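First comes the structure, then the notes that go with it.
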Amino acid sequence: MRRSVMPTKSDAMPRSLRSPVSQGLSSAAAVRRFELQVCSQCATVQYPPREACVRCLSTRLVWQLQSGAGELLSRTVLHHSHDPYFLARLPWTVGLVRLDSGPTVLVHLPQNAPVPPARVWVSARLDRSGAGVLVASERKDGADLNDDRRLRELTSDPSDVDLFTTDGG
Amino acid sequence: MTVRDRKGYDDVAVTTPVTVPYVRYSSHGAHWFAASALATLLERSGLEKRAVDGLCFASFTAGPDNAVAMTQHLGVTVRWLDHIPMGGVSGIVSLRRALRAVQSGDASVVACIAADTHRPDSFRTIVENFSQFSRDAVHPYGAGGANASFALLTDYYMRTFGARAEDFGKLCVAQRDNACRFPYALLRKPLTLDDYLNARPIAEPLRLFDCVMPCAGAEAFLVMKRRRAAELGLAHAVVLGATECHNPFPDDPIQTRGGWALDRDELFAQAGISHDDIDLVQTYDDYPVMSVIQLEDLGFCAKGEGAEFIRSHSFTTDGTFPLNTSGGQLSAGQAGAAGGHLGLTEALRQVTGAVLGAGVPNAATALVSGFGMMIYDRGLCSGAAILGRAA
């Protein structure tokens with residue numbers, strides 16, 4: 001079913017309380033790149049974002065493109081949420097992925113997500129609050145993510161939206 | 001880990017366990033519960049307020065106030081003050097701080113108080129303000145609370161070690177049985193394994209009775225020199241050993257163990273006893289999987305053998321392994337940081353023979369474990385203490 005672009009109450013995501021240091025993830029996600037902080041001194045890849053390297057404490061951190069390859073360690077299907085956006089869309093599936101580059105990341109999963117342990121690829125999208133979120137797919141191209149209505153909606157995929165165009169005159 | 005040569009706590013007493021009865025919701029502030037706890041400590045110990053010269057305070061809902069504000073709210077003048085924002089391990093940590101303060105003479109009587117209220121909106125406030133990592137990397141994923149995080153750990157534990165829902169259910173059913181005889185437990189309707197298995201899913205594989213019920217209440221106790229406790233005629237316990245550890249295994253991909261795995265040898269060496277000498281255990285049971293992980297890491301069974309341990313034991317007060325004898329948080333309710341003290345006050349009652357519910361026969365030695373603070377993907381704080389009946 002095609003949905004309207006008119007926002008409804010349940011479309012509203014809560015005020016984002018993200019830290020300034022997490023902005024790099026969102027900036028990259030805006031152009032569909034999955035980037036994490038990498039230490040210029042010791043090359044440690046880290047997540048969640050920090051002000052300094054968790055290993056050597058260097059503050060010279062750069063956001064670098066990640067392959068996203070990792071192993072899905074566990075998953076859960078939420079039947080309850082305190083967040084009105086998700087409450088209106090239950091059940092909701094999330095999982096923990098151990099990236100090959102080191103960190104463990106919490107990710108959104110499509111409803112047909114594989115049973116752990118499984119190889120997955122993590123990518124970054126913008127959610128409806130405009131902040132970067134991580135999603136995992138069992139396909140490297142993430143094609144199955146586009147089959148999942150809830151994830152399309154969460155990440156404001158334009159294929160679900162009727163667009164009005166005018167000549168502006 | 002090498003066992004360090006740590007001084008014992010022989011000359012210090014832990015006494016006067018107080019529970020301010022829990023309620024599901026309260027219009028009172030956390031301060032009301034803190035005041036009730038202190039008033040009861042004074043009434044039961046016979047001490048005057050001015051005799052309390054140390055305060056250790058823990059709360060999730062006293063904000064914006066902390067321990068400093070609490071001195072003015074409660075009208076106490078103290079020369080030793082600590083605030084322990086460590087949730088499920090706050091009781092163990094408060095105890096450790098207070099023991100050394102009294103032992104060194106920096107304070108003579110320390111009141112350790114955990115008090116929390118619960119209002120319909122308070123849970124959301126706690127969650128929103130829990131940590132920067134949770135704001136950046138947990139909240140955007142939909143749960144808005146700890147259930148999802150512990151569901152992921154439970155899912156992994158079950159897949160990796162072959163634990164079944166029935167194993168976790170057996171713990172929950174036994175604790176409910178204990179709660180049925182404990183006057184302050186909020187959940188005292190008998191629970192069957194079928195009830196547990198047929199309960200609605202919350203975050204798979206967690207079902208309703210895997211999750212604690214948030215509530216309001218307070219827990220408190222006093223720490224003073226043993227001589228003073230004897231003069232006051234107060235039943236008391238001594239602490240044979242106590243440890244704490246924070247951020248123990250940062251490179252584990254997912255949590256299957258906590259700091260107890262690093263500390264247990266030191267804990268038992270300091271106490272000078274073995275596992276067979278423990279008469280009852282109070283784990284931090286925010287979710288059953290954490291009780292299992294604590295029993296493994298504390299050395300009652302090997303890692304991964306928790307499910308088999310459950311199948312071969314019974315956990316009621318008259319069972320082969322008395323556990324969470326007041327019902328634990330799963331049946332008593334989780335009154336915020338008081339949930340990190342409930343095991344201590346109950347263990348203190350058991351070893352001093354002052355039980356409110358069912359007593360473990362001839363209980364002389366109890367192990368209490370704390371766990372808390374899931375800042376991102378794992379609980380960072382762990383601690384444990386062994387309490388012994390004062391000779």
Side-chain angles (χ1 to χ4, degrees), chain A residues 13-23 25-26 47-51 54-55 70-87 89-99 102-109 115-117 127-129 131-135 150 154, chain B residues 120-160 199-208 210-211 214 247 249-256 287 289 374-378:
Chain A
M13 294 200 83
R15 172 175 63 103
S16 177
L17 297 168
R18 306 271 188 119
S19 65
V21 77
S22 74
Q23 279 306 308
L25 184 93
S26 297
Y47 184 84
R50 294 167 168 87
E51 299 281 357
V54 66
R55 196 162 303 278
E71 181 174 281
L72 180 66
L73 299 173
S74 65
R75 70 168 188 185
T76 181
V77 180
L78 304 178
H79 295 270
H80 179 263
S81 175
H82 293 280
D83 181 324
Y85 179 89
F86 294 99
L87 194 57
R89 290 162 177 82
L90 297 172
W92 192 273
T93 308
V94 298
L96 279 181
V97 175
R98 175 69 154 187
L99 295 172
T104 296
V105 295
L106 179 59
V107 297
H108 293 294
L109 289 171
V115 174
D127 71 13
R128 291 189 78 87
S129 75
V133 285
L134 303 180
V135 294
R150 287 181 176 83
L154 175 76
Chain B
D121 65 328
S122 52
F123 191 76
R124 172 183 286 270
T125 309
I126 292 169
V127 166
E128 279 188 357
N129 295 299
F130 203 74
S131 71
Q132 178 178 317
F133 281 172
S134 61
R135 287 177 171 184
D136 283 342
V138 180
H139 299 170
Y141 298 85
N147 289 335
S149 301
F150 282 96
L152 290 165
L153 302 191
T154 304
D155 180 63
Y156 185 82
Y157 185 94
M158 293 174 81
R159 290 181 201 285
T160 306
R200 65 187 167 91
I202 301 295
E204 296 175 33
L206 299 182
R207 298 167 169 83
L208 182 64
D210 289 309
C211 306
N247 195 25
F249 299 108
D251 295 326
D252 283 4
I254 185 170
Q255 185 162 38
T256 59
Y287 297 87
V289 72
M374 194 166 254
I375 296 299
Y376 168 49
D377 62 338
R378 63 198 67 199

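Values in this document were obtained by computation on a predicted structure and should not be read as measured data. Letters A, B, ... mirror the listed sequences (proteins, then strands); counts begin at 1.
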Query raised in the report: Most heavy-atom pairs under 4.5 angstrom with chain A, which of B/D377, B/D251, B/L206, B/N147?
Result: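 Going by pairs under 4.5 Å, I would pick B/D251.
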Query raised in the report: Taking B/H139, B/Q132, B/M158, B/R159 one by one, which has the highest count of heavy-atom pairs under 4.5 Å against chain A?
Result: B/R159
Requested in this report: Could you tell me which of A/G102, A/S22, A/P116, A/A131 has the largest number of non-hydrogen atom pairs under 4.5 Å with chain B?
Outcome: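 Maximum pair count with chain B is reached by A/P116.
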Query raised in the report: Looking at A/V105, A/V94, A/L134, which one has more heavy-atom pairs under 4.5 Å with chain B than the rest?
Result: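 Answer, by heavy-atom pair count under 4.5 Å with chain B: A/L134.
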Query raised in the report: Using non-hydrogen atoms only, which part of A/R18 is less than 4.5 Å away from chain B: side chain, backbone, both, or neither?
Result: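 Interface part for A/R18: both.
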Query - Toward chain B, the part of A/V54 with a non-hydrogen atom under 4.5 Å - result: neither
Where does [X] contact chain A at under 4.5 Å (heavy atoms): side chain, backbone, both or neither?
X	result
B/Y157	neither
B/V138	both
B/Y156	both

Less than 4.5 Å apart, side chain to side chain, heavy atoms only: is that true for [X] and [Y]?
X	Y	value
A/R150	A/P91	yes
B/D210	B/T154	no
A/T104	A/Y47	no
B/I254	A/S74	yes
A/H79	A/L90	no

Requested in this report: Hey, can you tell me if B/F150 and B/Y287 have their rings parallel, tilted or perpendicular (30° and 60° cut-offs)?
Outcome: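 The rings of B/F150 and B/Y287 lie parallel, inter-plane angle below 30°.
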**Report entry** Exam field: side chain A/D83 to backbone B/G142, donor-acceptor pair closer than 3.5 Å
**Finding:** no
